[in-house]
Amino acid sequence: MYERILVPTDGSDVAEAAVDHALDLAEKYDAEVHALYVVDIDSVNFSLGTEQVDRLKQGRFDEMGELKEQADEATGVVAERGAERGVEIVEHISGGRPHKVIADYAEDNDIDLIVMGSHGRAGVRRALLGSVTERTLRSTHVPVLVVDYLDEE
């Protein structure tokens with residue numbers, strides 16, 4: 001049923017809960033998992049200089065050490081957990097508007113299912129889905145499994 005599962009991750013607890021679901025499904029269906037970290041260019045425009053924003057738009061993440069490290073850490077968690085379970089993992093970093101990047105990646109890579117967290121702010125109770133999740137649902141025809149995370153404090 002599923003051959004390629006996409007799990008967008010920002011390294012948050014909510015995203016990691018989605019990773020567990022994606023890996024469970026991948027094991028069951030012998031699917032590969034694509035771990036995608038998206039740098040939201042709109043949100044960093046205000047905090048970075050023009051030169052750095054241009055690097056992001058061109059995908060030159062290797063030239064931005066701290067950002068590359070965060071992205072590698074987030075997708076690396078997926079890769080490590082996948083390796084423990086014998087699941088093939090594809091890691092990818094991209095920049096742009098997250099919901100659009102996720103939808104485009106899913107289409108370009110023949111993704112069968114997107115598994116993502118309900119919102120990107122762990123521990124924050126919200127009545128609605130997070131904006132990236134909601135926009136992703138509206139931007140793709142690929143099925144989306146939305147995973148909620150309850151902080152056990």
Side-chain angles (χ1 to χ4, degrees), residues 1-45 52-122 126 128-150:
M1 175 170 242
Y2 303 117
E3 293 179 25
R4 284 169 295 286
I5 299 170
L6 173 61
V7 60
T9 182
D10 60 3
S12 68
D13 291 338
V14 177
E16 289 190 20
V19 169
D20 290 336
H21 285 269
L23 292 174
D24 285 347
L25 289 166
E27 276 186 306
K28 179 176 182 173
Y29 292 104
D30 194 28
E32 70 183 15
V33 171
H34 292 241
L36 175 64
Y37 183 95
V38 181
V39 178
D40 185 349
I41 291 178
D42 289 342
S43 70
V44 297
N45 269 336
Q52 290 175 318
V53 172
D54 287 342
R55 285 182 190 156
L56 292 175
K57 288 180 179 177
Q58 295 168 9
R60 295 168 30 207
F61 303 106
D62 289 335
E63 298 175 20
M64 304 188 72
E66 186 177 327
L67 177 69
K68 177 79 165 108
E69 189 176 305
Q70 289 173 355
D72 287 343
E73 186 175 329
T75 61
V77 167
V78 182
E80 288 172 19
R81 289 186 183 172
E84 291 169 0
R85 298 168 107 172
V87 174
E88 182 180 346
I89 306 293
V90 176
E91 295 178 76
H92 187 76
I93 303 167
S94 192
R97 299 187 76 191
H99 70 281
K100 181 158 179 29
V101 172
I102 293 165
D104 289 348
Y105 187 94
E107 184 177 326
D108 294 345
N109 292 278
D110 295 322
I111 298 297
D112 303 304
L113 178 68
I114 300 169
V115 180
M116 61 190 303
S118 57
H119 52 80
R121 295 180 225 152
R126 297 177 57 141
L128 301 173
L129 293 177
S131 62
V132 172
T133 303
E134 184 175 348
R135 288 179 180 149
T136 300
L137 286 165
R138 295 178 188 202
S139 300
T140 185
H141 295 290
V142 174
V144 179
L145 171 61
V146 179
V147 177
D148 198 5
Y149 171 81
L150 298 175

Identify the heavy atoms of I93 and A71 that sit nearest to each other, and give their distance. CD1-CB, 3.5 Å
Before giving the answer on side-chain contact (heavy atoms from CB on, under 4.5 Å), spell out for R4 and V90 the whole-Å C-alpha distance, their side-chain angles and the decisive distance to 0.1 Å. CA-CA 10 Å; R4 284 169 295 286; V90 176; over 6 Å; no
Steps toward side-chain contact (heavy atoms from CB on, under 4.5 Å) verdict (H99, R138): CA-CA 9 Å; H99 70 281; R138 295 178 188 202; over 6 Å; no
Surrounding CD of E73 (heavy atoms of other residues, nucleotides or ligands, distance under 6.0 Å), is the total greater than 12? no
Taking all non-hydrogen atoms of both residues into account, name the closest pair between V7 and A22 and its distance. CB-CB, 4.1 Å
Tell me the closest heavy-atom pair linking I5 and A31, and the distance in Å. CD1-CB, 4.1 Å
With sequence neighbours excluded, residues passing side-chain contact (heavy atoms from CB on, under 4.5 Å) with H21: V115, L145, V147
E91 side, atom CD; L36 side, atom CG - distance, nearest 0.5 Å: 11.0 Å
Between the CG atom in D110 and the CG atom in L6, the distance rounded to the nearest 0.5 Å is 12.5 Å
Interatomic distance, I114 atom CD1 to T140 atom OG1 [nearest 0.5 angstrom]: 4.5 Å
To the nearest 0.5 Å, what is the distance between NZ on K28 and CG on L23? 15.0 Å
L113 vs L25, test: side-chain contact (heavy atoms from CB on, under 4.5 Å). Steps then yes/no. CA-CA 10 Å; L113 178 68; L25 289 166; 3.6 Å; yes
Mind running side-chain contact (heavy atoms from CB on, under 4.5 Å) on M1 and D112 for me, showing each step along the way? CA-CA 8 Å; M1 175 170 242; D112 303 304; over 6 Å; no
Taken to the nearest 0.5 Å, the spacing of E3 CD from D30 CG works out to 9.5 Å
Show the nearest heavy-atom pair for residues A18 and G117, with the distance to one decimal. CB-N, 3.7 Å
With no hydrogens and no angle check, do the side chains of H34 and Y105 hold a donor and an acceptor under 3.5 Å apart? yes
Ignoring hydrogens and angles, tell me if any N or O in the side chain of N109 forms a donor-acceptor pair with the backbone of I111 under 3.5 Å. no
For A15 versus G11, what's the shortest heavy-atom pair and its separation? CB-N, 4.2 Å
How long is the span from the CD atom in E107 to the CD1 atom in I102, to the nearest 0.5 Å? 14.5 Å
Which pair of non-hydrogen atoms, one from S118 and one from V14, has the smallest distance, and what is that distance? N-CG1, 3.6 Å
